Amino acid sequence: MESWRGRLQPLAAVLLGLSLGLAVTAVAGENPWNVLKVLAQSSLGSWYDLGMTLFYATPLIFTGLSVAVAFQAGLFNIGAEGQLVFGALGVAAVGALAPGVPSPLAPLVGILAAVVGGGLWGFIPGWLRARRGSHEVINTIMLNFVAAGLSSWVTLYLLRNMDSQNPETRPVGAGYLLGHFSSVFGDAPFSGAFFLALLAAFGVWVLLWKTPLGFEIRAVGQNESAARAAGIDGARIRILAMTLAGALAGLVGVGEVMGNSGKFRMGFSPDFGFVGIAVALLGRNRPVGVIAAALLFGALQKGTAALDFETEHVTRDLSSIIQALVILSVSAEGLWSWMKRRKGGMGA
Amino acid sequence: MNAAETGAWALLIQLAASTLRVSTPLVLAALGGLASERSGVINIALEGMMLVGALAAAIVTHSTASPWLGVGAGMAAGALLALLYGLCVIRLRSDQIVAGTAINLLAAGIAPFVCKVLYGATGQTPSIGIENRFQSGPTWMAFALVLAVAAWLRWTPSGLWVRFAGEHPEALSTAGIRVNRVRWAGVVLSGVLSGLGGAALSIQLSSAFSRNMTAGRGFMALAALIFGKWRPVPTALACLLFGFADAIQIRLQGVVLWGSEPVPVQFIQILPYVVTVLVLAGLVGQARAPRALGQFFDRG
């Protein structure tokens, strides 16, 4: 019964959010049916479009997993945005400072740098929560801004690309760059990072549901005092889970720096970290759900990008509106219990 | 006084004036956050409420040439978004952090959307002439409101209700006051004040609304609220401190203080956030949140 509702509720929320979003476009003077057609065509209409959708979905899988892992440990990670910045900066810094590392080794070094950069930025709020008792929500919000400031300093003062007008770091060595599958997806920057994301999702599933450590993490998330009674060190688990969450978000840097731009570009993330909250929520904090939700939001991101030139009054900002409406719908517990009650009442 | 001294005084006065100006939106939004959080509702949606306030104020001021109508529109827009937030967290039992994040996302999407519909471009609203902009009005309002809110919380019955809704909602309910009604008031007030803060941003500190113009000020207001331990006057002082950091980093851009490199302004920019983390960790003073903050109250 619970799982039936659990599966249907996200779907209903997506439909509700999408319908409300399309209703908004009608207010703006567009034909919602036409908008929907543009969204579908531009996200899935060709191999190139599909490649772009998967490219956009990749960072969302990482940030969705990041939020989900923290959530399983009873923590709210609003800091994926800062963690992914540090992950990407880590990759870019290593790639720019050690450009000569040869190809089979370099991507591994890059992945490690992303994990360390993001992990560090997850460890801090984890430690603060576990050892100082300060709430991770505020801390991660604050650390997002600190990450933005520090990354801007590193980019502009330490690793600046002097050949570019844009605020970005020097390019990474050629060995770090991941190939594109251009025979399939054309010019879309689809890279092996997508498979890394799937692998990470599988890894999270194994860790959380198939290992003793994962059991401890979920135990702390579900009932900390019971977990403590069972001899689990909640503080240690929380630090670990938050570090892991940071590392997962940091892996966004792999797709962005090694798979796409070859450098750290300030402000490259259009709120991947925040959309990750929606992805985790919609995916009910399960790896498979996260992948499905990330694909959906990736398609939304690619689809809405086409609205800029395919429609008169609507732009890509529609994606934020729809995402927000989906989050509000899926999180409104009261809405669903009210509908259930009403349905029950009608049956009786 | 010699020339150097006069220069130093002039600089100091300039710095003080610009501190007051740039603190204005922070103070207003932080007071809004205070109204909501003291009543027991976490409010990370301040950022979004400020953004729609800034947008509405710029649109209405531009089309009516009246900054007063603009301010009213800013407050109304903030209140409208607050109503949606209240509906989610007070009525529909949404998680307050999740819903707050969604509200911010919604505002970030709606603002360029409205700009596009009205002006054909997502970037910004048309510029407002200096004669139709506020010079210092919102700043006076902000600091008068600090005292007003402090007095309200301390000495009026409804202020007491707000404090109890955040500390001991059961006790308030037992006394026959509807907790969720008090929280509705707190949340809507947070929208009104944040909207006013947004208006100060677009029609006092600048001449138009531009994309993402709040740039994290809602979160900085939240930081000030925590730094100020959820009390009006200390919160306003925290806003002034953060505003001072902001003013000084504008001044210090490109200035060489020591060595040969200009001061990296980034370190001044992140200061408010670092301070907040340290305060929360108990490394600089102690902060205690309202006891029932973030808890859904199940009885209207």
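Quantities reported herein were computed from a predicted structural model and do not represent experimental measurements.
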Would the distance check show the side chain of [X] and the main-chain N or O of [Y] forming a donor-acceptor pair, the cut-off being under 3.5 Å?
| X | Y | answer |
| --- | --- | --- |
| Ser36(B) | Val187(B) | no |
| Gln72(A) | Asn285(A) | yes |
| Ser173(B) | Pro169(B) | no |

Is Ile44(B) close to chain A through its backbone or its side chain, or both, or neither, when contacts mean heavy atoms under 4.5 Å?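 Contact with chain A: side chain only.
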Examine whether an atom of Leu84(B) lies under 4.5 Å from a heavy atom of chain A, and if so say whether it belongs to the side chain, the backbone or both; otherwise answer neither.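 It is the side chain, since no backbone atom gets that close.
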With chain B, which of Leu143(A), Ile327(A), Leu328(A) has the greatest number of heavy-atom pairs at distances under 4.5 Å?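 The option with the most such pairs is Leu328(A).
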Under 3.5 Å side-chain donor-acceptor pair for [X] and [Y]:
| X | Y | result |
| --- | --- | --- |
| Asn139(A) | Ser134(A) | yes |
| Thr155(A) | Glu168(A) | no |
| Asp95(B) | Ser331(A) | no |

Heavy-atom pair with the smallest gap, counting every atom of Arg131(A) and Ala235(A): NH1-CB, 3.6 Å
Which atoms of [X] approach chain B - backbone, side chain, both or neither, heavy atom under 4.5 Å:
| X | result |
| --- | --- |
| Ile78(A) | side chain |
| Val137(A) | side chain |
| Leu156(A) | side chain |
| Val24(A) | both |
| Ser152(A) | both |
| Ile277(A) | side chain |
| Asn144(A) | neither |

Heavy-atom pairs under 4.5 Å with chain A - which of Gly109(B), Ala111(B), Ala99(B), Ala223(B) has more of them than the others?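 Option with the top pair count is Gly109(B).
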Chain A: which of Ile97(B), Leu271(B), Ile110(B), Thr101(B) shares the most heavy-atom pairs with it under 4.5 Å?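 Going by pairs under 4.5 Å, I would pick Ile97(B).
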Would you say that more than 12 heavy atoms from the other residues, nucleotides or ligands in this model lie under 6.0 Å from the CZ of Phe145(A), or not?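 More than 12 within 6.0 Å, yes.
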